[in-house]
Every structure is written in structure tokens, then in C-alpha cells.
Visitor: 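First the structure, then my questions, so here it is.
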Amino acid sequence: MVSAAERAAAERGIHLLHAGVFAPDEEAVRFHSSAGFGPRGILLSKDSGAHRSIDPAEAGGGPAPA
């Protein structure tokens with residue numbers, strides 16, 4: 001799967017791939033590390049406490065399924 005993503009990215013001129021792994025998923029970190037991914041930058045987040053479903057149309061993801 002990683003190789004296919006790398007090929008598809010290269011075909012489109014994309015040179016930097018990101019793999020989102022959220023701690024403490026050590027198995028995912030090992031998997032992506034073995035595929036050549038390494039740490040880059042810092043991701044900060046904040047839980048607003050307001051949990052609700054997001055309509056894909058509101059999020060810019062196109063029309064919501066019917």
C-alpha cells in the first residue's frame with residue numbers, strides 16, 4: 001500500500017508524503033518507520049469539547065451522500 005501511494009505521488013510530481021500516526025500507536029510508528037517515514041515537525045491539536053458529526057458538504061468535501 002505504501003509503495004502504491006509513493007508511485008502515485010511520484011507520477012503526480014508529489015515529493016513529500018505524510019503519514020499521520022497518533023500516539024500511542026507504536027505498531028503504526030514501527031510500520032511507517034520501516035517504510036522510510038521519519039518525524040517531521042509537530043502537530044498540535046485541541047479538543048474543543050463540542051463533538052458532533054460534520055456534514056462533508058460543510059467541510060468542503062463535496063456533496064453529502066443521499
Side-chain angles (χ1 to χ4, degrees):
M1 181 171 73
V2 173
S3 296
E6 290 172 339
R7 283 191 303 274
E11 290 169 1
R12 291 163 177 78
I14 298 169
H15 304 285
L16 179 62
L17 300 176
H18 294 274
V21 177
F22 296 98
D25 193 340
E26 294 176 11
E27 185 176 336
V29 171
R30 281 192 302 274
F31 171 80
H32 286 92
S33 294
S34 71
F37 287 82
R40 182 182 180 105
I42 299 171
L43 173 66
L44 302 175
S45 64
K46 178 181 179 182
D47 186 340
S48 69
H51 299 276
R52 69 177 186 90
S53 296
I54 298 174
D55 181 338
E58 291 179 36

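Since the model is a prediction, treat every value here as computed from it, not as a measurement.
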Visitor: Quick one, E27 and V29 - any side-chain contact, counting heavy atoms below 4.5 Å?
Guide: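 No, every pair of side-chain atoms sits at 4.5 Å or beyond.
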Visitor: By side chain to side chain contact (heavy atoms under 4.5 Å, CB included), which residues pair with E26, not counting sequence neighbours?
Guide: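 Result, side chain to side chain contact (heavy atoms under 4.5 Å, CB included) vs E26: R30.
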Visitor: Apply side chain to side chain contact (heavy atoms under 4.5 Å, CB included) to H18 and list each qualifying residue two or more places apart in sequence or on a separate chain.
Guide: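 Once residues adjacent in sequence are excluded, the partners of H18 under the side chain to side chain contact (heavy atoms under 4.5 Å, CB included) criterion are L16, R40.
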Visitor: Just jot down the ring pair (Phe, Tyr, Trp, His ring centres under 6.0 Å) partners of F37, sequence neighbours excluded, or say none.
Guide: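 With neighbours one apart ignored, the set is H32.
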Visitor: What are the two closest heavy atoms between A9 and L17, and how far apart are they?
Guide: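 Here A9 and L17 meet closest at CB-CD2, 3.5 Å.
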